[in-house]
Structure formats: structure tokens, C-alpha cells
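What follows is one structure encoded as C-alpha cells, with my remarks underneath.
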Amino acid sequence: MPTNPNSSQPATASNAKVASNANPVSNASPASQQMSPGHPGYVRMRLALFTSGLATFALLYSTQALLPAISDDLRVQADQASWSVSAATFGLALAVVPLSALSERFGRRAMMTGSLTVAVLLALLVPFAPDLGWLIGLRAVQGVALAGIPASAMAYLSEEVHPKALVGAIGLFVAGNSVGGMSGRILTGWVADAWGWRVALAAVGAMALLCAVAFRLLLPKARNFTPAAVSPRALARTLAGHLSDPLLCRLYAIGALFMTVFGGVYTVIGYRLVAEPFGLSQSLIGSIFLIYLVGTVSSAATGKLVGRLGRRGALYVAVSTTAAGLLLSLLNSIPAVLAGLVLITAGFFAGHAAASSAVSRTAKTGRAQAAALYQASYYIGSSVGGALGALAFHAAGWGGTVAMGLVAVGGAAAITVYATRKAQAERRAEAARRELVGAPA
């Protein structure tokens with residue numbers, strides 16, 4: 001999953017100090033016990049979280065750039081091979097909420113270490129999957145294991161890092177996410193060109209193993225964590241409260257719809273570029289993921305865009321940019337396709353940043369759970385997008401994938417239009433009420 005400084009992760013961390021209804025935890029740690037620049041463990045902590053983010057997202061999307069090679073070797077269609085990506089993201093989506101609750105009981109450091117260890121062990125087994133069924137099954141379990149890292153990392157940071165140094169610490173973790181998502185795809189593309197997709201997956205597993213060892217050696221022990229009992233009933237009440245909030249549900253839906261487009265496009269784009277009239281090599285297709293760097297710029301600019309146009313205004317810009325990129329990508333020209341991917345990537349990151357940053361501001365209680373629900377919907381969108389995008393490609397080519405993306409973008413636009421009209425109606429009603437109250441008797 002690609003992430004960024006203005007995405008849900010920082011919002012999650014900034015609000016992790018607010019105890020959830022399900023797991024009341026006091027995070028009011030004395031400042032002297034929290035890490036900040038100059039503290040002996042501060043640099044180690046930042047490097048450790050960077051390596052965990054890098055390994056997580058390199059593993060999560062490790063098969064995405066390899067799908068054409070997997071299809072050829074296992075003799076399966078794009079819609080079948082795409083489940084090697086969708087299964088991992090769906091597993092993460094299902095597990096992120098329960099693992100966030102378990103981290104309250106067993107500790108953030110233990111949860112992250114255990115999750116990364118299991119995910120790496122599975123990564124070393126994945127290249128030996130004898131058929132597609134085994135590959136999908138191993139990837140699904142790997143996604144469940146990986147869910148423990150985003151579920152725990154932000155809480156660890158909020159408890160162990162001084163508030164004044166928190167933004168910098170989060171920034172490096174998010175950078176690890178982005179670099180991992182991009183480098184994993186690029187590495188697999190180049191290695192697969194020379195030695196095949198199985199060796200490429202083994203290379204990513206080896207890289208993740210090094211990251212896991214570095215993470216375990218570098219991450220300082222938690223000094224401010226207080227275990228809390230996990231109450232499934234209280235957690236269920238908190239989640240039900242969030243899911244009954246219309247605004248939160250709209251934000252969850254927008255995040256899922258944007259990720260449906262993004263997941264569908266990047267799952268299928270390799271199939272389009274390896275075929276005629278392009279005929280690109282696996283290594284060049286892997287290099288396409290350098291476009292992810294556009295997301296860093298786009299998400300960083302979203303804060304200013306929201307300040308100028310408001311959240312809904314920023315979402316309109318994101319929807320328009322994404323739709324324009326989808327249409328441009330229909331042209332049978334490498335420059336046009338690349339320009340289309342740039343616009344799709346920029347629009348997606350802007351929409352994701354605008355929606356995710358609003359979640360924690362909207363939730364009044366249980367903000368960690370509200371953000372976890374956003375992550376769950378986000379990764380469900382990735383799973384659905386990858387599966388539907390590949391199915392549409394198999395049925396109608398790239399035009400089918402673009403049509404699927406336009407429907408999803410249209411859904412995000414419809415939700416935003418509805419929210420705009422609802423807000424306008426509420427303002428008119430409030431103005432009428434004030435006028436009535438202020439009118440002379």
C-alpha cells in the first residue's frame with residue numbers, strides 16, 4: 001500500500017493518545033521517559049520503524065509487478081493470478097482491527113516483532129508454492145501476519161516518542177512504507193527478467209529478512225506501555241458506533257473506492273504493457289512503479305489544497321485528476337499511458353490523504369478504532385479493485401479496466417456531491433434558524 005505523511009497513518013498516531021472505548025490505556029507518559037532527538041534510542045527507533053515499513057509494503061505487494069510472469073508460468077488468466085495480490089490485502093484488511101486490539105494486551109513491540117517474523121517466514125516459503133492455490137493461500141496468511149505492523153506501529157510511536165518529535169518519527173515510518181511498496185515492485189521486476197518470478201519473490205523475502213533482523217536489533221524496548229484487558233464486547237460497541245456514523249461511513253467508502261481504482265490499475269497495467277503494441281520487458285514494467293514518487297508530492301500538497309478548497313473541494317480535484325488519467329491511459333502511446341498513470345497516482349494519493357485525514361477529526365471517541373476501520377476499508381478496496389480490474393481486463397481488455405475505474409471514481413464523486421448538498425442544506429437550515437431566533441417579536 002502506498003502511504004504518505006498526510007494519510008491515515010499520521011492521523012492515527014496523533015490520536016493514539018486518546019484511549020479507545022474498547023481498551024482504555026493511559027498514554028500520559030512523563031516527557032522524561034519519552035524519546036526525542038538526542039535521546040540514545042531515538043535514532044535507533046526511527047531506523048527500526050523505517051525498516052519495518054519497508055519490509056511490510058515490499059512483501060504486501062511483492063507479486064503485483066510479477067503477475068504477467070506468474071500467469072505465463074502457471075498458465076492462468078489475469079483475473080486468477082491477481083488473487084495473489086488481492087488475497088494478501090484482504091487478509092490484512094480482515095486482521096488489522098483485531099490485531100490492533102490484541103496489541104493492547106501483548107504490547108506493540110511484541111506484536112510488531114511477531115508479525116514481521118511470521119510474514120518473513122512465509123515470504124521464504126512463497127517462492128516454492130507448487131500451484132496458484134498454494135500461492136494465494138500463503139499470500140492470504142501473509143497479509144494477516146502483516147496486519148500486526150500498521151496496527152501497532154503508530155501506538156508504539158505515540159507512547160514512546162515525545163509529542164514534539166512525533167511528526168518526524170512518523171514521517172520516516174511512512175517513508176519506509178512508500179519506499180518498500182515501490183522498491184519491492186522494482187526489485188521483483190528486474191530480478192524476474194534474469195531469473196524468473198520465483199527467484200524475484202525469494203529476493204524480496206531475503207530483503208525483508210534483513211529488515212526484520214535490523215528491526216529486532218534496533219527497536220528500543222517499550223518503556224511506557226501498560227497492558228490492558230481486551231474486551232470484545234466493548235470493542236464491538238466502539239466499532240458499531242463508528243459504522244453508524246454517516247460521515248465516517250462516507251469517508252470509509254471514499255477511501256475504498258479510490259483504492260479500488262488504484263489497485264485495479266496497478267494490478268493490470270503489467271499485462272497491458274507486456275503485450276503489443278508496447279511489448280515491454282518485465283524489468284521495464286517494474287520500473288513503472290517509480291511513478292509512486294508522484295504520490296509523495298501529491299499527498300504533501302493535499303494539506304494546502306484542503307486549506308484552500310476544503311475537504312470536499314480537494315476530493316473534487318482528486319476525482320477529476322484520477323478520471324482524466326484513466327481516460328488518457330486508453331491511448332496506445334507510451335507517453336500517454338505514463339502521463340495517465342501519473343494523473344491516476346496523483347489523484348489517488350490526494351483523495352486518500354483528504355479522506356483519511358478527516359477520519360480522526362470526525363471520530364470523537366475510539367479514534368484508533370476509527371482509523372483501523374478506514375485501513376480495513378482501504379485494503380478491502382485494494383482487494384476488490386485488483387480482482388475486478390483483472391476480471392474486466394480478461395473480459396474487455398484495458399478498456400474494461402478503465403470502465404471499472406471510472407465507475408469507482410464516479411461513486412466517490414457521487415458521495416462527495418451528496419455530502420456537499422447535505423452541508424449546503426444544513427447551512428441554509430442553520431441560517432434560517434438564526435434568522436428566526438434573532439427576528440423581533
Side-chain angles (χ1 to χ4, degrees), residues 1-4 6-9 57 60-61 63-65 67 78 82 85-86 88-90 92-93 174 177-178 180-182 184-185 251-273 285 288-299 302 314-315 317-329 337-356 374-393 398 400-413 415:
M1 158 243 101
T3 54
N4 54 77
N6 292 315
S7 71
S8 60
Q9 283 87 347
F57 283 87
L60 186 63
Y61 291 101
T63 62
Q64 193 171 61
L67 292 178
S82 69
V85 180
S86 294
T89 54
F90 191 65
L92 191 153
V174 172
N177 295 348
S178 301
M182 180 182 68
R185 292 164 168 99
L251 293 172
Y252 296 154
I254 288 172
L257 288 167
F258 269 110
M259 192 55 171
T260 297
V261 181
F262 196 70
V265 165
Y266 275 100
T267 295
V268 173
I269 190 63
Y271 289 100
R272 187 180 187 211
L273 295 179
I285 290 171
I288 293 294
F289 289 94
L290 282 168
I291 291 175
Y292 264 45
L293 294 173
V294 173
T296 303
V297 178
S298 172
S299 56
T302 301
L315 287 172
V317 172
V319 163
S320 302
T321 303
T322 305
L326 286 167
L327 294 172
L328 186 58
S329 72
V337 172
L338 293 179
L341 290 175
V342 166
L343 292 176
I344 292 166
T345 303
F348 160 74
F349 272 94
H352 168 49
S356 62
Y374 179 87
Q375 287 185 352
S377 64
Y378 175 86
Y379 285 110
I380 288 173
S382 177
S383 301
V384 171
L388 290 183
L391 190 63
F393 182 80
W398 181 251
T401 302
V402 168
M404 183 278 295
L406 289 173
V407 169
V409 168
I415 293 171

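Of all heavy-atom pairs spanning W398 and I269, the tightest one is CH2-CD1, 3.8 Å. Nearest approach of S382 to S86, heavy atoms of both residues: O-OG, 4.4 Å. Between A392 and M404, the shortest heavy-atom distance links the atoms CB-CB, 4.5 Å. Annotation for L257 and A412: closest pair CD1-N, 3.5 Å, computed over non-hydrogen atoms. When all heavy atoms are compared, the tightest approach of S377 to A256 is O-CB, 3.4 Å. The shortest heavy-atom contact between L315 and A354 is CD2-CB, 4.0 Å.
With contacts defined as side-chain heavy-atom distances shorter than 4.5 Å, the pair L406/V261 does not qualify.
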Pairs of donor and acceptor atoms involving the side chains of residues 338-346, under 3.5 Å and at least two apart or interchain, shall be tabulated with distances.
| from | atom 1 | to | atom 2 | distance (Å) |
| --- | --- | --- | --- | --- |
| T345 | OG1 | Y266 | OH | 2.7 |
| T345 | OG1 | L341 | O | 2.7 |

Residues 318-327 side chain polar contacts: donor-acceptor under 3.5 Å, at least two apart:
| from | atom 1 | to | atom 2 | distance (Å) |
| --- | --- | --- | --- | --- |
| S320 | OG | Y316 | O | 2.9 |
| T321 | OG1 | V317 | O | 2.8 |
| T322 | OG1 | A318 | O | 2.8 |

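Remark: the S383 side chain and the T89 side chain contain an N/O donor-acceptor pair separated by less than 3.5 Å.
Under the side chain to side chain contact (heavy atoms under 4.5 Å, CB included) rule, S82 has a single partner from L391, T267, T63, V268, which is T267. Partner of H352 under the ring-ring contact (aromatic ring centres under 6.0 Å, His included) criterion, chosen from Y379, F258, Y252, Y378: Y378.
Taken from CZ in R185 to CD1 in I288, the straight-line distance is 13.0 Å, to the nearest 0.5 Å. Remark: F289 CZ to I291 CD1 distance equals 9.0 Å, nearest 0.5 Å.
With sequence neighbours left out, Y271 forms a side-chain contact (heavy atoms from CB on, under 4.5 Å) with L67, P68, S71, A78, A81, F393.
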